[in-house]
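The structure appears below as structure tokens.
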Amino acid sequence: MKVLFTGGLGYIGSHTAVEVLNEGFDVVIVDNLSNSKIGVLDTIKKLTGKDVGFYQIDVCDKDALEKVFQENPDIFAVIHFAGYKAVGESVREPLMYYENNMISTFNLLRMMEKYNCKNIIFSSSATVYAQSEIMPLEETFPLAATNPYGRTKLFNEHVLIDYQNVHKDTNVILLRYFNPIGAHDSGLLGEDPNGIPNNLMPYICKVAVGELDHLNVFGNDYKTKDGTGVRDYIHVVDLADGHVKALQKVVREPETGLKIYNLGTGVGYSVLDIVNTFNEVNGDLVKYEIAARRPGDIDECYASSKLAEEEIGFKATKTLADMCRSSYEYQKNNKKK
Ligand code: WQD
């Protein structure tokens, strides 16, 4: 069975491609390399021993996307990762985010309709949830995005839900990721953002290898156990497994319909938990200073993944130590040349 990955050379897409290939599916990747590197394709092939179809195209280019569907008429499912994902950038460039993150989905659904593809798994995000005093977050909790990036994720959810409502024979699975970190055990795949990282773990890794001087902890006056922000960090390979489980569900149950799942661990860790665990596991490499809060950050956010566990057998198994160790291993292998 063939699965089309949009954005498949990115951090989460590439780790998922490895697990999906290892599960016996065929994979075709489309990626415009705007936030990924072509070398990742060979790494995926090397890690799996499998061939992988690849098209360097922009999913917003409808004609280019149609060529992919014409040349791969047997696409069983699409996993839609492609999209810009930097919260701060989305505030500065909202139109760029709405154009890219929405037109890509419109084009995909038009091609799925035209070429009779009946399954889509969408990379959604915890960012679609409204601020909540109650934790852990459940899929039925109120939704409200607070930045253009988050709104594109929320709008995409609505587009997919409304599409499935009139295409009842199409299965739509929305996967709400919490905070993916970590890297493949081989040390050959990992998070490799362009420029200065926005997210915590890639920033910590660059401090650990000496590319950045110290970590700025954005605030220690939150309503949490140690005052620093609490998030649900999930190993990217556990997250990839969640996609395998979702694929297996639509294979097993052709009438799956619409499903929405949180993919997290159910455990919240603070920024200092991450720093301390990283230093325990990898050596005392990360110095930090307390800095001002980052606008838009919330006190805490962690998932209930009970529904995914019950309905698709998803369960995160890797530990925070695994996440810190694998992140650092990859960063060491991937030091700025
Ligand atoms: C985690 C914690 C920061 C950097 C974002 C997106 C979300 C998703 C994951 C795509 C917070 C603190 C961070 C730093 C710090 N992306 N921090 N110093 O903000 O929870 O979620 O990435 O879907 O949509 O919003 O992740 O890693 O940026 O921050 O103290 O240099 O680390 O304040 O408490 P976040 P993050």
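Both counts, for ligands and for their atoms, begin at 1 and track the order of listing.
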| query | For ligand 1, which part of Arg294 has a heavy atom less than 4.0 Å away: the side chain, the backbone, both, or neither? | reply | side chain

| Carboxylate-amine/guanidinium contact Arg110 Glu113, below 4.0 Å | yes

| task | Check each of Val128, Val271, Asp232, Ile12 against atom 12 (C) of ligand 1 and report the one with the nearest heavy atom. | result | Val271

| Leu200-ligand 1 polar pair, N/O distance under 3.5 Å | yes

| message | Can you report which non-hydrogen protein atom sits closest to atom 18 (N) of ligand 1, along with the distance? | response | Asn216 O, 2.8 Å

| query | Quick one: side-chain hydrogen bond (donor to acceptor under 3.5 Å, both in side chains) pairs with a partner in residues 4-14, sequence neighbours left out? | reply | Thr6-His80

| Under a single-linkage definition using a 4.5 Å side-chain heavy-atom cutoff for Ile, Leu, Val, Met, Phe, Trp and Tyr, are Leu263 and Leu258 assigned to the same hydrophobic cluster? | no

| request: Indicate whether any N or O donor in one side chain lies under 3.5 Å from an N or O acceptor in the other, for Asn262 and Ser305. | output: no

| query | Which value, rounded to the nearest 0.5 Å, describes the distance between Ile120 atom CD1 and His167 atom NE2? | reply | 12.0 Å

| said: Quick one about Tyr149 and Glu89 (side-chain donor to acceptor, distance below 3.5 Å, no hydrogens or angles considered), yes or no? | reply: no

| Are any of the side-chain nitrogens in Lys67 or Glu71 under 4.0 Å away from the carboxylate oxygens of its partner? | yes

| request: Find all atoms of ligand 1 within a distance of less than 4.0 Å from any non-hydrogen atom belonging to Asn198, and give their numbers and elements. | output: 4 (C), 28 (O)

| said: Geometry only, no angles: is Arg231 polar-contacting ligand 1 at N/O separations under 3.5 Å? | reply: yes

| note | To atom 10 (C) of ligand 1, the nearest of Tyr288, Tyr269, Tyr149 on a heavy-atom basis is Tyr149

| To which of Val87, Val207, Ile274 does the heavy atom nearest atom 25 (O) of ligand 1 belong? | Val87

| How far is atom 7 (C) of ligand 1 from its nearest protein heavy atom, and which residue and atom is that? | Ser125 OG, 4.2 Å

| message | Distance under 4.0 Å to a non-hydrogen atom of Thr127: what atoms of ligand 1 satisfy this? | response | 24 (O)

| Of Tyr233, Phe178, Tyr203, which has the heavy atom at the shortest distance from atom 2 (C) of ligand 1? | Tyr233

| field | Sequence neighbours excluded - ring pair (Phe, Tyr, Trp, His ring centres under 6.0 Å) pairs with any residue from residues 209-261 | value | Phe81-His243, Tyr177-His243

| To the nearest 0.1 Å, how far is atom 14 (C) of ligand 1 from its closest protein heavy atom, and which atom is that? | Phe218 CE1, 3.2 Å

| query | atom 26 (O) of ligand 1: which of Asp297, Asn179, Ile181 has the nearest heavy atom? | reply | Asn179

